[in-house]
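Below is one structure; the comments refer to it alone.
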Amino acid sequence: MTERIGIIGGGIVGIALARALAQRGLGDVTVFEKEDRLAAHQTGHNSGVVHAGLYYQPGSLKAELCAAGRIAMRDFCLERGLPYREVGKLVVAVDESELPALAEIERRSRQNGVPDLARIDDVGQLRDIEPHVAGVAAVHSPHTAAVDYAAITEAMAEDVRTAGGSILLGHEVVAMALDGATVRVRTSPGSEHVFDRVIACAGLHSDVVARLVGADASPKILPFRGEYWSLDAARTDLVRGMIYPVPDPRFPFLGVHFTRGAYDDVHVGPNAVPALAREGYGWLRISAKDTWESLRWPGAGALAKQHWRMGIDEISGSLIKSLYFRKARRFIPELRMSDLAAKTAAGVRAQAWGRDGSLLDDFAVDQVGPVTLLRNAPSPAATSSMAIADYVIEHYVYAQA
């Protein structure tokens with residue numbers, strides 16, 4: 001008998017899993033997506049970067065899956081005729097105080113096997129790559145690429161349907177119960193489905209879905225909004241590829257950077273501000289329930305104590321354009337305030353955090369009987385999506401077959 005497999009979540013990770021399962025003939029696959037389109041949240045609101053693995057702790061699941069995922073993503077885009085632009089990434093130390101942290105990025109990058117990585121200490125060579133950048137040193141990753149993840153998700157979805165899988169849009173999973181060796185799933189239209197196995201890739205709602213089957217409430221999802229400014233079209237020549245800061249190891253986010261996208265647009269950002277709703281793409285999108293749940297979480301006090309200065313700084317930059325501009329101008333002194341044309345996009349990151357206030361950095365998976373729960377899928381989840389699918393199948397699907 002063919003195994004019945006339900007996938008919760010129509011982002012790139014859920015669709016990559018459905019594609020891998022359906023194409024390998026591992027089951028009769030059905031995907032549930034609560035929105036009326038795929039890639040409606042994190043997948044369709046991120047920066048479109050295919051990461052090469054510069055930042056991640058060597059030996060971590062992030063590092064391993066990013067390396068495999070980048071190659072799979074490149075091959076898929078080339079095979080399907082989708083944009084895949086290796087515009088390259090320059091991680092820039094603006095002054096000498098950032099050189100030790102830059103050296104750590106170089107060390108991690110080399111251990112992670114980032115292809116053709118180069119350390120640059122000559123300012124002239126730095127300007128050869130990015131003529132308008134300011135800095136004293138950098139590491140250059142020439143194979144970091146820009147893509148359209150929403151288009152990639154749709155192309156994967158075509159493969160799911162071709163292989164006989166089903167994708168049900170407008171179907172929010174509202175209840176799930178273990179029934180012997182099977183799982184009963186009820187969706188918002190009132191339909192009920194029975195599966196032999198369920199895999200949840202619910203992103204911003206991963207903790208909510210986990211609670212449906214009695215999984216631990218931790219890790220909880222804390223939504224962070226990242227806001228982007230578009231660079232004026234007449235000034236996009238200021239940036240050839242991607243210009244990133246040296247990340248501050250005290251903070252969980254990279255900081256404002258410049259990214260040339262798959263369609264030659266350039267955006268500046270993102271910042272990282274607490275969202276007031278799981279899908280809070282602007283300050284006026286507020287969920288009292290989501291906000292209250294975050295405030296009453298046991299780790300809230302510890303997190304606030306550790307990162308309150310960063311929080312004030314990020315919120316100020318969100319509300320006051322000149323402060324955001326000042327952060328960006330550190331890297332391109334020729335940048336003018338008017339070059340930040342408009343806030344054109346925002347994404348909400350599903351950041352998992354524990355009861356002690358710690359922010360989870362690596363991928364995390366739970367298992368409750370025949371239900372597999374992807375609890376944390378931070379960046380580079382989109383880059384790694386096909387490798388994540390292979391990992392889940394090998395360690396959870398095959399492991400229980």
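Remember, predicted model here, so these are calculated numbers, not experimental data.
The distance from atom CD of E154 to atom CD1 of I15, rounded to the nearest 0.5 Å, is 8.0 Å. Atom-to-atom distance recorded for I7:CD1 and I5:CD1 is 6.5 Å, nearest 0.5 angstrom. Separating the CZ atom in R37 from the OG1 atom in T153 is a distance of 11.5 Å, to the nearest 0.5 Å. How far CZ of F363 is from CG of L61: 6.5 Å, rounded to the nearest 0.5 Å. To the nearest 0.5 Å, the span separating CD1 on I315 from CE on M310 amounts to 9.0 Å. Separation of atoms NE2 (H51) and OG (S141) is listed at 10.5 Å; rounding is to 0.5 Å.
Across all their heavy atoms, C201 and V13 have their closest contact at SG-CG1, 4.1 Å. Residues C77 and P83 share a closest heavy-atom pair of SG-O, 4.0 Å. Nearest heavy-atom pair, G354 versus L360, reported as atom, atom and distance to 0.1 Å: N-CD1, 3.9 Å. Closest of all the heavy-atom pairs between P378 and D361 is CG-O, 3.6 Å. Counting all heavy atoms, side chain and backbone alike, L65 lies closest to A387 at O-CB, 3.4 Å. Shown here for V29 and A22, the closest heavy-atom pair between the two residues is CG2-N, 4.0 Å.
Residues M156 and V160 fail the side-chain proximity criterion, which asks for heavy atoms closer than 4.5 Å. In this structure, the side chains of L374 and I199 stay at 4.5 Å or more apart for every pair of heavy atoms.
A donor-acceptor pair under 3.5 Å is formed between the side chain of R127 and the backbone N or O of V133. Judged by distance alone, the side chain of D196 and the main-chain N or O of E3 form no donor-acceptor pair under 3.5 Å. Between the side chain of N271 and the main chain of V256, no donor-acceptor pair closer than 3.5 Å is present. Judged by distance alone, with hydrogens and angles left aside, the side-chain atoms of Q42 form no donor-acceptor pair with the main-chain N or O of G203 at under 3.5 Å. At distances below 3.5 Å, at least one donor-acceptor pair connects side-chain atoms of K62 with backbone N or O atoms of S379. Remark: the backbone N or O of L276 is paired with a side-chain donor or acceptor of T291 at under 3.5 angstrom. With hydrogens and angles disregarded, a donor-acceptor distance shorter than 3.5 Å links the side chain of N112 to the backbone of Y56. The backbone N or O of A382 lies less than 3.5 Å from a partner atom in the side chain of S385, making a donor-acceptor pair. One N or O on the side chain of R375 and one on the backbone of P219 form a donor-acceptor pair closer than 3.5 Å. Side-chain atoms of T187 do not come within 3.5 Å of backbone N or O of H171 as any donor-acceptor pair.
When the options V139, T144, I105, V49 are evaluated for a side chain to side chain contact (heavy atoms under 4.5 Å, CB included) with Y244, the one that passes is V49. Results of the side chain to side chain contact (heavy atoms under 4.5 Å, CB included) test with V198 over V209, L178, V183 single out V183 as the only residue that passes. Of the listed residues (H45, H267, H257), just one forms a ring pair (Phe, Tyr, Trp, His ring centres under 6.0 Å) with Y228, and that residue is H267.
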- Kindly indicate, with the supporting measurements, whether the criterion salt bridge (Lys or Arg N to Asp or Glu O under 4.0 Å) is fulfilled by R329 and D339. CA-CA 11 Å; R329 192 173 180 269; D339 294 337; over 6 Å; no

- Going through the distances and angles, do K327 and D313 end up as a salt bridge (Lys or Arg N to Asp or Glu O under 4.0 Å)? CA-CA 11 Å; K327 293 181 181 181; D313 182 59; 3.0 Å; yes

- Is there a side-chain contact (heavy atoms from CB on, under 4.5 Å) between L222 and W297 once you walk through the steps? CA-CA 10 Å; L222 177 64; W297 183 246; over 6 Å; no

- H41/E33 under side chain to side chain donor-acceptor pair (under 3.5 Å): CA gap, chis, key distance, verdict: CA-CA 11 Å; H41 292 293; E33 168 52 49; 5.4 Å; no

- Message: Run the salt bridge (Lys or Arg N to Asp or Glu O under 4.0 Å) test on D264 and R260 for me, step by step, so that the C-alpha distance in whole Å, both residues' side-chain angles and the decisive distance to 0.1 Å come before the verdict.
- Response: CA-CA 6 Å; D264 234 19; R260 182 171 289 275; 3.1 Å; yes

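Taking the six-membered ring where the residue is Trp, F32 and F195 present perpendicular rings, their angle passing 60° and hence far from 30°.
Within a 6.0 Å sphere centred on CD of E96, heavy atoms belonging to other residues, nucleotides or ligands number 12 at most.
F76 pairs by the ring pair (Phe, Tyr, Trp, His ring centres under 6.0 Å) definition with nothing, not counting sequence neighbours.
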